[in-house]
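Each remark here refers to the structure printed beneath this line.
Residue numbers begin at 1 in each chain, while the letters A, B, ... track the order of the sequences.
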Protein chains: 2
Amino acid sequence: MSKSTNPTRQRILDAAVERFANNGYHDTSVADIVDDSGTSKGAVYFHFPSKQDIFLGLVDHFATILEDRLSEAIAQEESGVRRVNVALSVCLETFAAYKKLAKIFLIQATGLGTVFEEKRREIHKRFIDVIQRHLDEAVQEGDLLTIDTEIAAYAWMGAINEVVIEWVYTGHPEPARALPALQNILLRSIGVSEEQIQQLDPNANK
Amino acid sequence: MSKSTNPTRQRILDAAVERFANNGYHDTSVADIVDDSGTSKGAVYFHFPSKQDIFLGLVDHFATILEDRLSEAIAQEESGVRRVNVALSVCLETFAAYKKLAKIFLIQATGLGTVFEEKRREIHKRFIDVIQRHLDEAVQEGDLLTIDTEIAAYAWMGAINEVVIEWVYTGHPEPARALPALQNILLRSIGVSEEQIQQLDPNANK
DNA sequence: GCGCTGAGACCGACCGGTCGGTCTGTTCTA
DNA sequence: TAGAACAGACCGACCGGTCGGTCTCAGCGC
């Protein structure tokens, strides 16, 4: 972030992303990262305090990127429903733009034991809260039905994650197809009418 | 399943479930399981070939239970929409009935490296396929909209998982609340009309 | 009834390898 | 030339798995 442009440090990070994304945390040894980055253990432990720190740093980094992009995009829209909709787009775009980091964030950061798990849940909770807040907003001002926005927020989060995970692994539901499909499904799920859904996405008539 | 009633074996399994659910795979040593179960390493390796085998056995076991319950429940309903609806109920009930196993299945089995990950994805895919098949069925015979059932299936899977995960950790959205909320959200997401949703769940007027 | 035996169930000390992290340098750079 | 940046040998803890041993008990000949 701040001292980001040190080449050695960057090579280490690149190698770490690659390894962590492909093999997971425990199947990636520091020696692997050293080999892939063409550096040395000394270099790694000069730039980073621990293996765990590298990993959590990557997760945090991605979460920050996603949050920044989201808040920026949301701020540019007026109505609640439009905001919800644009957030969904930005979300998928960001996952697509940072595929490897997304894989680490969504998959490799799970099931790593209590310490990691707390961190992961805290970050996920932040996103879920954002979703819920904007769902509430949309409910208040809009004509969509009153629903259990908390559960809806969890459902959305899970739905998005699952679709992205599948894409990350197989490349299969191409974003061009997944995005409109998810928009339909998720907007409908909170009671946005068909006409409204049509209106929201005039450019996706491809 | 077959030789299930050996007491030592069962104590080992119980301890393994507890530890794996709470601490995850890598933070659970065989020694931990030995201590908790009041047995010995010899006993563990007499009954099971490896630590990994114990873990995957538990995952498989839970998946089997869930599949059995699902297919039984689905078989007893006629219409596609009703089937989809009852499957959702059974799913949540089963997760609730086997909380610890559910946590292992949904969380601790993730991010454990390539070998485990393949297994996990294969099992998840089975459930997603079931969902999609019945969504397709419902689309064909019903008046719900034609949608991208594949993506809908992934979305459903993710949505259910996320809600259950939250419940597993915090106990928070009590099943009594989560079930009808999810029914509303998910059925709406595939275009089931409000009246139909009401009709489907006459007993949940509490 | 009684000793013998052998197999199943279980015990726990121990082994061998792995891996995060450290430490003693060496090289580069300002 | 001081200190930052890096190299890589090395350490020690940990942990999955093994292996020789013990205990129990059913079967069996006598």
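Within the 4.0 Å cut-off from OP1 or OP2 of dC15(D), not a single side-chain nitrogen or oxygen of H26(B) is found.
Ring-centre distance between H124(B) and F105(B): below the 6.0 Å cut-off. Checked against a 6.0 Å centroid threshold, the rings of F62(B) and F95(B) count as neighbours.
Relative to the side chain of Y45(B), the nucleotides dG8(D), dT18(D), dT22(C) differ in distance, and dT18(D) lies closest. Of the candidate nucleotides dG16(D), dG21(C), dC11(C), dC11(C) has the atom lying nearest to any side-chain atom of T39(B). Here dA9(D) is the nucleotide among dG16(D), dA9(D), dC11(C) with the atom lying nearest to any side-chain atom of K41(A). Among dG8(D), dC10(C), dG21(C), the nucleotide with an atom closest to any side-chain atom of S40(B) is dC10(C). Distance from the side chain of S29(A) is smallest to dC19(C) among dA7(D), dC19(C), dA9(C).
Straight-line distance from the CD atom of Q10(B) to the P atom of dA9(C): 16 Å, rounded to whole Å. For D32(B) and dC14(D), the CG to P distance is 12 Å, given to the nearest whole Å. Q52(A) places its CD atom 17 Å from the P atom of dC19(C), with the value rounded to the nearest Å. One atom, CZ of R9(B), and another, P of dG8(C), lie 16 Å apart when rounded to the nearest Å. Between H47(A) atom NE2 and dG21(C) atom P there is a gap of 17 Å when expressed in whole angstrom units. Between the CG atom of N6(B) and the C1' atom of dG8(C) there is a distance of 11 Å, given to the nearest Å. Residue F46(A) contributes atom CZ, which lies 15 Å from atom C1' of dC23(C) at whole-angstrom precision. If you measure from atom CZ of R11(A) to atom C1' of dC6(D), you get 11 Å, rounded to the nearest angstrom.
Remark: E78(B) does not engage R82(B) in a salt bridge, criterion side-chain N to carboxylate O under 4.0 Å. Salt bridge status for R121(A) with E166(B): present, with a side-chain N to carboxylate O gap under 4.0 Å.
Where T8(B) and T28(A) each meet DNA chain C at their nearest nucleotide, the meeting point lying more 5' is that of T8(B).
Nucleic acid contact class of S37(A) (heavy atoms, under 4.0 Å, all strands): none.
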Test side chain to side chain contact (heavy atoms under 4.5 Å, CB included) applied to D148(A) and R177(B), step by step:
CA-CA 9 Å; D148(A) 192 326; R177(B) 172 182 156 211; 2.8 Å; yes

